[in-house]
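Working notes for the structure below.
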Amino acid sequence: CVAILPNGRVISGSRDHSLKVWDQTRETGDKCIATLTGHTESIRCVDILSDGRVISGACDGIKVWDLGRRSGEECVATLGDHNDWGKSVTILHDERLITGATDGSLKLWDLTRGADHECVVILKGQNMRVRCVVVHPGERVISNSGDNTLKLLDLNKKAPDDMCIATLSGHNDFVKCMVVHPDGRVVSAS
């Protein structure tokens, strides 16, 4: 997995359990400027908060990183006990975070609620591993999974059971990835 930091540097996650920060303006051989360790499993996803903090998801959970800290102290939080491995992560516009797992659940985290980064709601929509979660206009998110469907969730709904407003089907195999087009349409790949 790969993401671009606000300063133009690149951060990548790997099967070797590390995140690496790359500076593409440096000479060949000096481009890796930091290696972040703390995960004990393969890193599956990475995303960037508006303040530059990094969120990574791995088979051992979700971690929050502050690249402005001293080497070895960059991991500032591990998000609660997700029911299962952190397979997908996406950041909403207001610094809330959605994580997906192999048990089909989604967790909504509020990163503004102190050091514990409180989980504010658990959503159960998918029947199999959540592979990807993307932000859709109007406080909505879309998740996809190995059950060959996409779920459209409206986070403005009060009750978690009411948040799933549509199930999109049509794929004959598991959905691996998706992206939201600027006009609001969703493109998914299976």
Side-chain angles (χ1 to χ4, degrees), residues 1-13 19 43-58 61-65 79 82-112 117 119-190:
C1 53
V2 178
I4 298 173
L5 295 161
N7 60 10
R9 292 178 174 158
V10 175
I11 188 161
S12 63
L19 293 156
I43 298 170
R44 304 289 185 166
C45 54
V46 64
D47 207 344
I48 311 299
L49 290 160
S50 62
D51 65 4
R53 286 180 295 164
V54 174
I55 308 291
S56 60
I62 306 293
K63 293 193 179 289
V64 181
W65 306 84
L79 300 185
H82 204 285
N83 291 340
D84 210 338
W85 304 340
K87 297 292 188 179
S88 59
V89 61
T90 196
I91 297 167
L92 303 172
H93 306 293
D94 59 0
E95 301 297 301
R96 289 182 300 166
L97 176 73
I98 296 271
T99 60
T102 58
D103 67 358
S105 70
L106 295 167
K107 280 192 174 183
L108 178 63
W109 301 87
D110 186 342
L111 300 185
T112 65
H117 304 302
C119 175
V120 293
V121 70
I122 299 173
L123 305 169
K124 182 69 175 159
Q126 303 290 168
N127 296 323
M128 297 177 74
R129 172 173 47 168
V130 175
R131 295 181 173 272
C132 183
V133 181
V134 295
V135 177
H136 191 267
E139 282 296 300
R140 294 178 175 177
V141 295
I142 300 172
S143 65
N144 68 28
S145 81
D147 67 1
N148 308 346
T149 67
L150 287 73
K151 301 282 185 176
L152 178 60
L153 303 157
D154 186 343
L155 301 179
N156 289 317
K157 300 283 186 180
K158 299 286 186 222
D161 290 343
D162 296 335
M163 288 185 180
C164 183
I165 59 174
T167 298
L168 310 172
S169 59
H171 287 290
N172 295 321
D173 204 346
F174 65 85
V175 178
K176 275 188 96 165
C177 60
M178 63 187 162
V179 65
V180 177
H181 190 277
D183 68 8
R185 291 180 293 164
V186 178
V187 180
S188 58
S190 169

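Closest non-hydrogen pair, Met178 versus Ile142, comes out as CE-O, 3.0 Å. Contact record, Gly52 with Pro6: CA-CG, 4.0 Å, taken as the closest heavy-atom pair. Annotation for Ser12 and Val2: closest pair CB-CG2, 4.2 Å, computed over non-hydrogen atoms. Nearest heavy-atom pair across Trp65 and Ser56 is NE1-OG, 2.7 Å. Residues Asp162 and Lys157 come closest through the heavy atom pair O-CG, 3.6 Å.
Within the 3.5 Å criterion, the main-chain N or O of Thr149 finds no donor-acceptor partner in the side chain of His171.
The distance from the NZ atom of Lys158 to the CE atom of Met163 is 9.0 Å, given to the nearest 0.5 Å. Note that the CD1 atom of Ile98 and the CD1 atom of Ile55 stand 12.5 Å from one another [nearest 0.5 Å]. The distance from the CD1 atom of Ile43 to the NZ atom of Lys63 is 9.5 Å, given to the nearest 0.5 Å. With rounding to the nearest 0.5 Å, the separation of OG1 in Thr99 from CD1 in Ile62 is 5.0 Å. One distance of note links CG of Asn172 with OG of Ser190; it measures 7.0 Å at 0.5 Å rounding. Atom CG of Leu150 and atom SG of Cys132 lie 8.5 Å apart (nearest 0.5 Å).
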Q) Could you walk me through whether Lys107 and Ile122 pass the side-chain contact (heavy atoms from CB on, under 4.5 Å) check? A) CA-CA 5 Å; Lys107 280 192 174 183; Ile122 299 173; 3.7 Å; yes

(Q) Walk me through whether Leu108 and Leu92 qualify under side-chain contact (heavy atoms from CB on, under 4.5 Å). (A) CA-CA 10 Å; Leu108 178 63; Leu92 303 172; 3.8 Å; yes

Q: Quick one: do Leu79 and Leu97 satisfy side-chain contact (heavy atoms from CB on, under 4.5 Å)? Show the steps, please.
A: CA-CA 10 Å; Leu79 300 185; Leu97 176 73; 3.4 Å; yes

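Of the options Leu155, Leu153, Leu106, Leu123, a side-chain contact (heavy atoms from CB on, under 4.5 Å) to Pro160 is made by Leu123 and by none of the others. Remark: of the listed residues Ile48, Asp47, Ile4, Ile48 is the sole one forming a side-chain contact (heavy atoms from CB on, under 4.5 Å) with Ile11.
The side-chain heavy atoms of Val130 and Lys151, taken from C-beta on, include no pair separated by under 4.5 Å. The shortest distance between side-chain heavy atoms of Val180 and Pro137 falls below 4.5 Å. Considering only heavy atoms from C-beta on, Val54 comes within 4.5 Å of Leu5 through its side chain.
Remark: Asp51 CG is packed, more than 12 non-hydrogen atoms of other residues, nucleotides or ligands lying under 6.0 Å away.
Applying the salt bridge (Lys or Arg N to Asp or Glu O under 4.0 Å) criterion to Arg96, with sequence neighbours excluded, gives Asp94, Glu139.
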